[in-house]
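As structure tokens, the structure follows; a few thoughts come after it.
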Amino acid sequence: MKRKKPLPIVLSISGSDPSGGAGIEADLKTFHRHGVHGVAIPTLLTAQNTVGVRKVRFLDPDFVEEQWRVIFADFRPKAIKLGALGSRSMVLRIAKLLERKEAAGIPVVLDPVMGSTSGAVLLESSALSILKNRVFPRCHVITPNAGEFSVLSGKKIDMQNAEAVLRTFGKDKPYAILLKGGHLAGTESVDMLCQHGKLSRFGGKRLPVHAHGTGCVLASSIAANLALGRSLPAACRQAKVFVHRALTSSFKLGEGRNVLNLWA
């Protein structure tokens, strides 16, 4: 019997959402949906549901590194997705891990999560400079929303200036930037990818749906598509379609925001 080709492996390093709508739980479901094998290292734990985050507990960077070591001792991921990292010490440790030789050449997709919709802090303010100066340069693409990009660029982002600020901020960066349009105004939700000075747009009808975990799922979908050998623009385009379909058929799980239907 002919042996089947092994599935590409994608590693998620992110926070945990016990309600399953975001974080590593959503990442793993997204990986499975894309036909890749997902593995995960949690960076923080949350007490949350569809209404919001009640409490956050940052995990030990030493144990995160131990998990990294045993994973890479056994197999090598084809892509890495980074999400909520939490503490300054965790961001510094992730930077050091990405600088290790075993990580060389692996595309990294970073969703620069800074806080939850309900206001919980998912990234210590003192960690931001390390994230920008040590982690970003090791990434293939970062995927900020308008609020996160405002913090990163130092400018208030809106529909009128988004493209100009993105071009200026991204022109000399060694990594690409996918500015998500979900938090911007307009009848369309347009994501803009700036890669080596070239701008690509991925449009889609804005849906009147408030759902949980869209940023996590978009970034993990991009990582899965990269692991499957697609180019970054193609991976972003496929991820946009995937999230739109999941939003269209999202459902009520509890009293708060909808949950994406990743099996649509």
Side-chain angles (χ1 to χ4, degrees), residues 9-34 36-50 52-100 102-103 106-118 120-124 126-128 130-131 134-135 138-139 142-143 148 212-224 227 253 259-260 262:
I9 299 165
V10 185
L11 168 63
S12 170
I13 304 176
S14 188
S16 171
D17 171 12
S19 72
I24 55 176
E25 290 81 2
D27 292 344
L28 290 172
K29 286 183 279 190
T30 300
F31 296 156
H32 183 66
R33 186 68 176 86
H34 283 71
V36 300
H37 179 70
V39 296
I41 299 175
T43 55
L44 58 87
L45 303 178
T46 65
Q48 71 172 295
N49 53 26
T50 62
V53 179
R54 302 288 181 84
K55 194 170 184 179
V56 179
R57 176 170 294 179
F58 299 152
L59 298 182
D60 178 13
D62 288 340
F63 193 63
V64 166
E65 180 170 348
E66 186 63 26
Q67 292 179 85
W68 170 286
R69 288 180 182 275
V70 297
I71 283 175
F72 278 86
D74 196 24
F75 49 81
R76 190 170 188 267
K78 295 279 286 184
I80 297 172
K81 183 261 179 172
L82 301 178
L85 300 181
S87 67
R88 182 182 187 279
S89 59
M90 182 66 76
V91 174
L92 183 59
R93 187 63 58 90
I94 295 300
K96 290 178 178 178
L97 292 174
L98 293 177
E99 291 164 0
R100 292 174 60 91
E102 68 262 26
I106 300 177
V108 178
V109 179
L110 168 62
D111 181 14
V113 180
M114 299 177 190
S116 71
T117 305
S118 56
V121 175
L122 300 176
L123 180 73
E124 290 181 337
S126 60
L128 186 59
I130 301 171
L131 191 73
R134 294 281 299 276
V135 179
R138 295 285 171 176
C139 294
I142 66 171
T143 64
E148 291 157 350
H212 181 50
T214 53
C216 301
V217 171
L218 183 77
S220 54
S221 177
I222 293 170
L253 182 67
V259 173
L260 297 176
L262 301 181

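For the numbers below, each heavy atom of this structure counts, side chains included, while hydrogens, waters and symmetry mates do not.
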Donor-acceptor pair, distance only, cut-off 3.5 Å: does the side chain of [X] make one with the backbone of [Y]?
{"X": "His32", "Y": "Leu28", "result": "no"}
{"X": "Arg134", "Y": "Ala95", "result": "no"}
{"X": "Ser14", "Y": "Leu82", "result": "no"}

Do you know the tightest heavy-atom contact between [X] and [Y]?
{"X": "Ile41", "Y": "Gln67", "answer": "CG2-NE2, 3.7 Å"}
{"X": "His212", "Y": "Ala22", "answer": "NE2-CB, 3.6 Å"}
{"X": "Ile13", "Y": "Leu85", "answer": "O-CD2, 4.0 Å"}
{"X": "Pro42", "Y": "Val64", "answer": "O-CG2, 3.5 Å"}
{"X": "Phe31", "Y": "Gly38", "answer": "CD1-CA, 3.5 Å"}
{"X": "Ile106", "Y": "Glu102", "answer": "CD1-O, 3.7 Å"}

Item to complete: List the steps, then state whether side chain to side chain contact (heavy atoms under 4.5 Å, CB included) holds for Leu123 with Val91.
Response: CA-CA 9 Å; Leu123 180 73; Val91 174; 3.7 Å; yes

Worksheet item: Would you call Arg69 and Glu65 a salt bridge, using N to O less than 4.0 angstrom?
Response: yes

Return the [atom1] to [atom2] distance between [X] and [Y], rounded to the nearest 0.5 Å.
{"X": "Thr30", "Y": "Leu260", "atom1": "OG1", "atom2": "CG", "value": "8.0 Å"}
{"X": "Asp62", "Y": "Met90", "atom1": "CG", "atom2": "CE", "value": "9.0 Å"}
{"X": "Leu262", "Y": "Arg33", "atom1": "CG", "atom2": "CZ", "value": "8.5 Å"}
{"X": "Arg57", "Y": "Ser16", "atom1": "CZ", "atom2": "OG", "value": "12.5 Å"}
{"X": "Leu45", "Y": "Leu59", "atom1": "CG", "atom2": "CG", "value": "4.5 Å"}
{"X": "Cys216", "Y": "Glu25", "atom1": "SG", "atom2": "CD", "value": "9.5 Å"}

Worksheet item: Crowded around Phe63 CZ? As in, over 12 foreign heavy atoms under 6.0 Å?
Response: no

Is [Y] close to [X] at the side-chain level, that is, under 4.5 Å between some pair of heavy atoms?
{"X": "Val259", "Y": "Thr50", "answer": "yes"}
{"X": "Val39", "Y": "Leu11", "answer": "yes"}
{"X": "Met114", "Y": "Leu128", "answer": "yes"}
{"X": "Leu110", "Y": "Leu131", "answer": "yes"}
{"X": "Leu97", "Y": "Phe72", "answer": "no"}

Item to complete: Decide side chain to side chain contact (heavy atoms under 4.5 Å, CB included) for Arg138 and Ile94; before the verdict, give the C-alpha distance in whole Å, the side-chain angles of both, and the deciding distance to 0.1 Å.
Response: CA-CA 10 Å; Arg138 295 285 171 176; Ile94 295 300; over 6 Å; no

Item to complete: Show the numbers, then the answer: is there a side chain to side chain contact (heavy atoms under 4.5 Å, CB included) between Arg93 and Trp68?
Response: CA-CA 11 Å; Arg93 187 63 58 90; Trp68 170 286; over 6 Å; no

Item to complete: Can you run down the side chain to side chain donor-acceptor pair (under 3.5 Å) pairs that involve residues 74-87, sequence neighbours left out, and say none if there aren't any?
Response: Asp27-Lys81, Ser87-Ser89

Item to complete: Walk me through it: do Arg54 and Asn49 pass the test side chain to side chain contact (heavy atoms under 4.5 Å, CB included)?
Response: CA-CA 8 Å; Arg54 302 288 181 84; Asn49 53 26; 4.0 Å; yes

